[in-house]
Amino acid sequence: MLRTHTCGELTKDHAGQDVSVCGWVDSYRDHGGLVFIDLRDRYGLIQIVFDPNECPDAHKVAGTLRSEDVIRVDGHVKLRGEGLVNPNIATGEIEIRTHVLTVLNKSKTPPFEPTGENMPNEELRLKYRYVDLRRPQLQEAMILRHKLCKATRDYFDQNGFLEVETPMLGKSTPEGARDYLVPSRVHPGSFYALPQSPQLYKQLLMVGGLDRYFQIARCFRDEDLRADRQPEFTQIDVEMSFVEQEDILTTIDGLIGHLVREIRGEEIQLPLPRLTYADAMERFGSDKPDMRFGMELIDCGEIAAACGFGVFSKTIENGGRVRGINAKGAAEKYSRKMIDELTAWVGDYGAKGLAFFRVKEGKLDSPIAKFFSDEHQQAIIDKLGGENGDLLFFVADKGSVTSAALGALRNRLAKELKLYDPRTLNVLWVVEFPLYSWSEEDNRWQAEHHPFCYPNAADLDKFDTDPGSMRAQSYDLVCNGYEAASGSVRVHDPAVQQKIFDFIGIKEEEAEERFGFLLNALRYGAPPHAGIALGLDRWVMMFLANDNIRDVIAFPKTQKAADQMTEAPSRVDTHQLRDLHIKTDLPTEA
RNA sequence: GGCCCUGUAGCUCAAUUGGUUAGAGCGCCGGACUGUCGAUCCGGAGGUUGCGGGUUCAAGUCCCGUCGGGGUCGCCA
């Protein structure tokens with residue numbers, strides 16, 4: 001070992017001891033005589049002193065040290081004198097008086113200072129990720145991520161689960177996200193797919209009698225990125241046999257309680273609250289409602305139908321909905337210009353307009369208030385619980401548009417109005433999702449969750465009569481407005497599975513070709529089973545009150561799924577392609 | 001695929017809305033300094049304003065294209 005102690009672990013209890021420490025030069029202060037260095041490792045900072053009278057050789061070299069040089073210092077720990085304590089760092093009561101300085105490696109001037117006051121732009125941070133990773137915030141994220149994985153493994157181990165690895169090179173299946181494909185050299189023209197999730201493998205593990213499985217599994221989806229989505233991400237994947245929905249919910253309640261305890265040292269109220277999908281959509285306009293604050297969506301259909309404002313009444317006549325939200329006390333915080341900006345913004349969600357009223361002296365104040373009688377104004381105020389100073393917003397449109405627009409507006413307003421503490425973890429279950437939805441684009445029914453999800457027992461006979469109303473035995477865990485986990489009771493009856501494939505337009509032949517291994521497995525004694533997968537990266541984000549997934553991944557990719565540091569993806573040699581029997585067909589360059 | 005934001009010194013930003021030689025802080029280089037801790041003081045270097053084209057007497061600024069980064073809608077069983 002090159003060191004006896006880390007920089008951060010030294011305290012005044014070490015005073016008088018000879019120690020060796022290693023690390024990066026965080027800053028240097030050269031007084032011509034005395035030279036001071038703040039030495040950094042992932043455990044903290046410690047001040048090193050070079051005194052020309054004590055260590056003339058080391059002092060000479062110390063004058064040449066620069067930011068991010070890697071050094072080793074042998075010396076002794078000394079209490080700082082009266083008035084020399086630095087309260088800004090944990091080791092501020094002590095310092096190391098140097099005996100020997102060893103320069104382990106010089107550094108070029110770094111492109112940015114990892115602990116500097118200026119936060120460089122993310123592109124540069126990603127290009128020099130190894131420098132950025134020295135930043136304490138990023139190290140904190142990596143440490144928290146490790147703790148979360150550790151606590152997860154402990155919890156499942158204590159509860160009799162086995163961690164089993166499943167293949168990365170698998171079979172491409174239709175439905176779902178776009179696959180990342182891997183060409184096979186020994187099977188010309190054939191491809192593996194990287195897993196979008198270990199979904200089918202974990203079901204097969206249940207058929208295989210493993211009974212309780214979990215895995216911290218890497219998953220790949222070739223879809224467009226978002227602030228909370230990376231092309232490769234990590235799931236805490238879980239599956240159990242001989243269980244019902246309730247057992248999964250209880251097991252994951254226990255996991256969340258364990259994680260919050262281990263990571264935050266806090267207790268979370270269990271069982272976690274539950275909300276049906278229908279209630280979530282009605283009250284919050286979202287299947288992943290952020291419930292750290294209220295501002296629920298209120299239906300104003302009756303008032304809208306009766307009022308003299310054509311936009312409202314015609315929407316109701318045409319089968320649409322008029323719903324509103326109340327931004328308490330926000331009337332003076334949003335100018336007309338800002339509201340115009342919000343109006344344009346809800347357009348992204350399909351809303352053609354955004355009506356607003358300020359509640360002022362018990363009446364509505366707005367350019368459109370004149371279309372509402374005193375009676376209707378009062379009805380609106382009563383309906384939304386309006387008080388003077390409140391700002392009311394309304395969207396009149398198709399039901400789905402009112403949900404999307406007001407759901408998004410609710411989140412935005414709450415963030416801007418700071419209606420919650422960002423460190424709060426508000427976790428709940430959303431249950432009873434619809435099983436199938438009609439795809440206008442493909443002109444067919446499609447699985448809302450995935451095609452292996454078991455219908456509610458009571459709805460099993462509705463395939464032919466009213467498939468849109470069938471509810472699934474599926475459940476999402478929602479935290480702070482993020483989908484934090486998703487799962488379902490699986491189909492274990494091959495006849496039902498066949499029926500589902502048939503229903504969503506996968507013909508028997510195709511089902512056999514694509515999913516034959518699963519259908520076959522179900523015919524050889526498949527136990528009833530159910531499972532769930534948690535988004536690990538998102539949980540790390542939420543524990544850190546961060547809203548950028550790249551900040552919780554050591555080497556993340558940009559929005560175009562590129563790695564700025566390695567420059568992946570990249571062209572490959574033509575003979576590599578030849579081995580794989582691949583010819584590229586690129587768009588011609590202009 | 002659509003919409004929006006963004007690119008100026010190594011880094012973070014500015015440039016009086018089209019008008020002299022593109023500035024500042026930090027960093028970097030040199031010098032001074034024995035208790036600093038975001039050290040201080042003195043001096044210095046550093047720019048094809050992402051790239052290409054256009055408009056104009058004149059472009060960092062306006063227009064078109066393109067590349068990179070970010071946000072978002074679609075997409076993500």
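To find a chain, count down the sequence lines: A is the first, B the second, and so on, and within it residues start at 1. Quick caveat: nothing in here was measured; it's all calculated off a predicted structure.
In this structure, the aromatic ring of F112(A) is not positioned over the six-membered ring of the base of C11(B) within 5.5 Å between centres and 30° between planes.
Identified under the side-chain hydrogen bond (donor to acceptor under 3.5 Å, both in side chains) test for residues 505-517 of chain A, with sequence neighbours left out: E512(A)-R523(A).
The distance from atom CG of L84(A) to atom P of C37(B) is 11 Å, rounded to the nearest whole Å. In this structure, R125(A) atom CZ and G7(B) atom P are separated by 19 Å, rounded to whole Å. Atom pair R221(A):CZ and G74(B):C1' shows a separation of 17 Å (rounding to whole Å applied). Taking atom CD on Q196(A) and atom C1' on C75(B), their separation rounds to 13 Å, with Å as the unit. Distance R178(A) CZ to G1(B) C1': 11 Å, rounded to the nearest Å. Regarding Y349(A), its OH atom lies at a distance of 19 Å from the P atom of G2(B), rounded to whole Å.
Annotation: salt bridge (charged side-chain N to carboxylate O under 4.0 Å, His left out) contacts of R178(A) (sequence neighbours excluded): E223(A).
For C28(B), the paired nucleotide is G44(B), the pair qualifying as Watson-Crick or G-U wobble because both relevant distances are below 3.5 Å. Under the Watson-Crick and G-U wobble criteria, each requiring two contacts below 3.5 Å, nucleotide U66(B) is paired to G50(B). If you check C76(B) for Watson-Crick or wobble pairing at under 3.5 angstrom, you find it has no partner at all. Pairing partner, C3(B): G71(B), with both Watson-Crick or wobble hydrogen-bond distances short of 3.5 Å. Of the nucleotides present, none pairs with U17(B) by Watson-Crick or G-U wobble criteria with both distances under 3.5 Å.
For the pair L522(A) and V491(A), the tightest heavy-atom approach, listed with the atom from each and the gap, is CD2-O, 3.9 Å. Minimum interatomic distance between G353(A) and V395(A) (heavy atoms only, all atoms of both residues): O-CG2, 4.1 Å.
Heavy atoms of E95(A) sit under 4.0 angstrom from at least one base atom. L124(A) comes within 4.0 angstrom of sugar-phosphate atoms only, judged by non-hydrogen atoms across all strands, and of no base. Residue-level contact check: E448(A) touches the backbone only, with heavy atoms under 4.0 Å from sugar-phosphate atoms and none from bases. Residue contacts for N88(A): at a heavy-atom cut-off of 4.0 Å it reaches the sugar-phosphate backbone alone, with no base atom in range. Residue R97(A) is classed as a base contact, given a heavy-atom separation below 4.0 Å to a base.
Counting heavy atoms of neighbouring residues, nucleotides and ligands inside a 6.0 Å radius, atom CZ of F220(A) exceeds 12 of them.
G2(B) and G10(B): their P atoms are spaced 34 Å apart (whole Å). For the C1' atoms, the distance linking G44(B) with U66(B) amounts to 39 Å, nearest Å. The gap from the P atom of G25(B) to that of C41(B) amounts to 11 Å, rounded to the nearest Å. The P atoms of A58(B) and G43(B) are separated by 40 Å, rounded to the nearest whole Å. Rounded to a whole angstrom, the distance from the P atom of C64(B) to that of G18(B) is 16 Å. Taking atom P on both G74(B) and G65(B), the two are 26 Å apart, rounded to the nearest angstrom. G19(B) and C5(B) are spaced 28 Å apart, taking the C1' atom of each and rounding to whole Å. Spacing of C1' atoms, C29(B) relative to A22(B), comes out at 23 Å, to the nearest Å.
A salt bridge links R412(A) with E416(A): the closest approach of a Lys/Arg side-chain nitrogen to an acidic carboxylate oxygen falls below 4.0 angstrom. Under a 4.0 Å N-O distance rule, the pair E239(A)/R490(A) qualifies as a salt bridge. Residues R66(A) and D69(A) are not paired through a salt bridge, judged by the lack of any N-O separation under 4.0 Å between the basic side chain and the carboxylate. Note on R538(A) versus E483(A): no salt bridge recorded, every NZ/NE/NH1/NH2 to OD/OE distance being 4.0 Å or above. With salt bridges taken as basic N to acidic carboxylate O contacts below 4.0 Å, one links R97(A) and E54(A). Between D38(A) and R29(A), at least one side-chain N (NZ, or NE/NH1/NH2) sits under 4.0 Å from a carboxylate O, which counts as a salt bridge.
Candidate nucleotides G10(B), U12(B), A39(B) were compared by shortest atom distance to the side chain of H31(A), and A39(B) ranks first. Checking C37(B), G10(B), U34(B) against the side-chain heavy atoms of Q47(A) singles out C37(B) as nearest.
Contact annotation: R29(A) side-chain N/O to U36(B) OP1/OP2 distance is not under 4.0 Å. Within the 4.0 Å cut-off from OP1 or OP2 of C37(B), not a single side-chain nitrogen or oxygen of S27(A) is found.
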Could you go through nucleotides 67-71 of chain B and list every protein N or O atom that sits under 3.5 Å from one of its N or O atoms, giving the distance for each pair?
from	atom 1	to	atom 2	distance (Å)
G68(B)	OP2	K560(A)	NZ	3.1
G68(B)	O2'	E123(A)	OE2	2.3
G69(B)	OP1	T558(A)	OG1	3.1
G69(B)	OP1	Q564(A)	OE1	3.1
G69(B)	O4'	E123(A)	OE1	3.2
G70(B)	OP1	Q559(A)	N	3.3
G70(B)	OP2	Q559(A)	N	2.8
G70(B)	O3'	R550(A)	NH2	3.1
G71(B)	OP1	R550(A)	NH1	3.2
G71(B)	OP1	R550(A)	NH2	3.0
G71(B)	OP2	Q559(A)	NE2	3.2
G71(B)	N7	Q559(A)	NE2	3.2

Pairs under 3.5 Å (N/O, protein and nucleotides 45-47 of chain B):
none

Step-by-step side-chain hydrogen bond (donor to acceptor under 3.5 Å, both in side chains) determination, T6(A) to R42(A): CA-CA 8 Å; T6(A) 65; R42(A) 84 166 155 99; over 6 Å; no
Could you go through N86(A) and Q47(A), starting from their C-alpha distance and side-chain angles, then the distance that decides it, and tell me whether this counts as side-chain hydrogen bond (donor to acceptor under 3.5 Å, both in side chains)? CA-CA 10 Å; N86(A) 180 359; Q47(A) 174 163 281; over 6 Å; no
Could you pull out every donor-acceptor pair under 3.5 Å between side chains of residues 122-138 of chain A and any protein atom, sequence neighbours left out?
from	atom 1	to	atom 2	distance (Å)
E122(A)	OE1	R550(A)	NH2	3.1
E122(A)	OE2	R550(A)	NE	2.5
E122(A)	OE2	R550(A)	NH2	3.4
R125(A)	NE	D132(A)	OD1	3.1
R125(A)	NE	D132(A)	OD2	2.8
R125(A)	NH2	D132(A)	OD2	3.0
R129(A)	NE	A554(A)	O	2.7
R129(A)	NH1	D132(A)	OD2	3.2
R129(A)	NH2	R550(A)	O	2.8
R129(A)	NH2	I553(A)	O	2.8
D132(A)	OD1	R135(A)	NE	2.9
D132(A)	OD1	R135(A)	NH2	3.1
R134(A)	NH1	E68(A)	OE1	2.7
R135(A)	NH1	P114(A)	O	3.3

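Annotated as syn: U17(B), whose glycosidic dihedral is within 90° of 0.
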In 5'-to-3' order, the base (B), backbone-only (S) or no-contact (-) status of each nucleotide in nucleotides 25-32 of chain B, using a 4.0 angstrom heavy-atom cut-off, is BSSSSS--
